[in-house]
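This report refers to the structure that appears directly beneath it.
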There are 2 protein chains.
Amino acid sequence: MQVLLVKRPSARNEPFADHWALPGGFIDLDRDADLEACAIRKLKEKTNVATPYLEQVGTWGNAERDPRGWSTTTVYFALIAADATALLAGGNATDVKWATVEGNRVRDKLAFDHTELLRAAVNRLRSKVEYTSLPAFLMPNEFTLTELQRVYEITLDRTLEKKAFRTRVLATDLLEEVPRRREGANRPAQLFKLKNRKRTVFFARALQRE
Amino acid sequence: MQVLLVKRPSARNEPFADHWALPGGFIDLDRDADLEACAIRKLKEKTNVATPYLEQVGTWGNAERDPRGWSTTTVYFALIAADATALLAGGNATDVKWATVEGNRVRDKLAFDHTELLRAAVNRLRSKVEYTSLPAFLMPNEFTLTELQRVYEITLDRTLEKKAFRTRVLATDLLEEVPRRREGANRPAQLFKLKNRKRTVFFARALQRE
DNA sequence: AGAATAGTGTCTCTAAGACAGTATGAT
DNA sequence: ATCATACTGTCTTAGAGACACTATTCT
């Protein structure tokens, strides 16, 4: 699991110059119809990707988070499949990268309170993965059940029991078999695709905690 | 279930003059340490109550929601026990009242996009009531299991099965018996109090949907 | 005794977890 | 045949739901 970071400009008067930060920026009152449109625009400027999933995490506002004074930030997270990530640098950011999420943080020291914002976003994602199909938004077009389970395991940072996982997923109408198999040095695996690339499926029960 | 409303001032230049609205206002950069402090302050101005539970629902921002132009509002909901509500009028609001929530709205036509904000808050509350002890924050100091169940039923707007409800609640360490009973024209009921008036208990499973 | 509400016994059902077993491909 | 991974059978367990039953107070 990785998170997109952008490098802050190095100009002396910029707060947290040269630090890595979550991608973001100010609302453009003329171009942004609403907050979500602003988030989509900012993301597209960095990745050129139309995200299949975007969720508002919350809003942080206080006097300390930005040295320039009282400010608020509304945090969204997007889920982007690994095969759809062509990065673009430019704009106010001198560099862009994907950073691996370890636990619920990243090795780099982030600008502002972004470590806290990332932590909240990862926690939100994790808790929803317990009872939804959110990881499906991270899959390429066709994938095997084992691959989907692996993505669940990566986002949750723990292993899942294979039979229970498969029964659970196949009991919903999330997936659809495609008449192809993933070949390897072993028994080939059935390939699946999402029945609906927009819809989130909610499971009846959450996975067992811990 | 009721929601606190305040009446907008009647001055001609005020948007939505004389309409009922959710209580709120602008951040005071000098007095409000952060967004939550602002919410607590605004609530206290109207009810003079320190809320036992406050949760951020989300942030709405666009150019249309306020005729004065682009604006954002961060919505919080508080849960306040019915026995702790001494209302105060004053400030910018000429009147204050509790309005009954029917479905996920209120009979009055609300100012701005507050009907939508209320809908979102009620939906958030409902969905969390399915798997948490949030309604416990709406209870007076001592209460019976039947009374707690009734509050669950009111917030969820559906009946629950008595035995399942009691088993579920008593299986956690949410409650503590007190050596008193609620007397009536029938068998007296055991009284309980919360073991911890701050903590939210999360149940292993959500209640069955519908 | 009867009404009313409190509280329990117990069966069913669903879905998660555990884990051993079988299946099917490549080498 | 062996290895590796895919996939299944089946038992256990937790907890929700249904619903009839018993318990305890008042009038």
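Only this structure's heavy atoms are used, side chains among them; waters, hydrogens and symmetry mates stay out. Every chain is numbered from 1 and lettered A, B, ... according to where its sequence line falls, protein lines coming before strand lines.
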Check: Rounded to whole angstroms, how far apart are CG on B/L191 and C1' on C/dG7?
Finding: 14 Å

Item checked: CA sep, side-chain torsions, deciding dist, call: A/R199, A/D173, side-chain contact (heavy atoms from CB on, under 4.5 Å) -> CA-CA 11 Å; A/R199 198 176 74 247; A/D173 66 344; 3.0 Å; yes

Check: Starting at NZ of A/K162 and ending at C1' of C/dA20, how long is that distance when rounded to a whole Å?
Finding: 12 Å

Checklist line | Ring-face cation of B/R124 near B/F77 (centre distance under 6.0 Å, axis angle within 45°) | finding: no

Check: Taking atom types as they are modelled, is there a donor-acceptor pair under 3.5 Å from the base of C/dG17 to the side chain of A/K163?
Finding: no

Item checked: Along DNA chain C (nearest heavy atom to each residue), the more 5'-positioned of B/F192 and B/R205 -> B/F192

Checklist line | Atom-to-atom span, CG of B/L170 to P of D/dA16 - whole angstrom | finding: 12 Å

Check: Between D/dG15 atom P and A/F203 atom CZ, what is the distance in whole Å?
Finding: 21 Å

Next item on the list: Could you walk me through whether B/M139 and B/L194 pass the side-chain contact (heavy atoms from CB on, under 4.5 Å) test, one step at a time?
Entry: CA-CA 9 Å; B/M139 304 308 291; B/L194 292 176; 6.0 Å; no

Check: Taking CZ from A/R166 and P from C/dG21, how many angstroms apart are they, rounded to a whole number?
Finding: 19 Å

Margin query: Strictly below 4.0 Å: does A/T146 bring a side-chain N or O up to OP1 or OP2 of D/dA6?
Written below: yes

Checklist line | Spacing of A/E161 atom CD relative to D/dC7 atom P, expressed in whole Å | finding: 15 Å

Next item on the list: Please report, rounded to the nearest Å, how far the P atom of D/dA16 is from the CD atom of B/E130.
Entry: 12 Å

Next item on the list: Could you state the atom-to-atom distance from CG of B/L148 to C1' of C/dT5 in whole Å?
Entry: 17 Å

Note to self: By the definition salt bridge (charged side-chain N to carboxylate O under 4.0 Å, His left out), identify the one residue from A/E177, A/E176, A/E142 that meets it with A/K193.
What the structure shows: A/E176

Note to self: Which residues in residues 180-190 of chain B have a heavy atom closer than 4.0 Å to any atom of DNA chain C?
What the structure shows: B/N186, B/R187, B/P188, B/A189, B/Q190

Margin query: Salt bridge or not between B/E147 and B/R150? Use side-chain N to carboxylate O under 4.0 Å.
Written below: no

Note to self: If I take atom CD from residue A/E102 and atom CD from residue A/Q2, how far apart are they, to the nearest 0.5 angstrom?
What the structure shows: 10.5 Å

Check: Can you find a side-chain donor-acceptor pair between B/T200 and B/S133 that sits under 3.5 Å?
Finding: no

Notebook entry, point to check: Is A/R168 near enough to C/dA16 that one of its side-chain N or O atoms lies under 4.0 angstrom from OP1 or OP2?
Noted result: yes

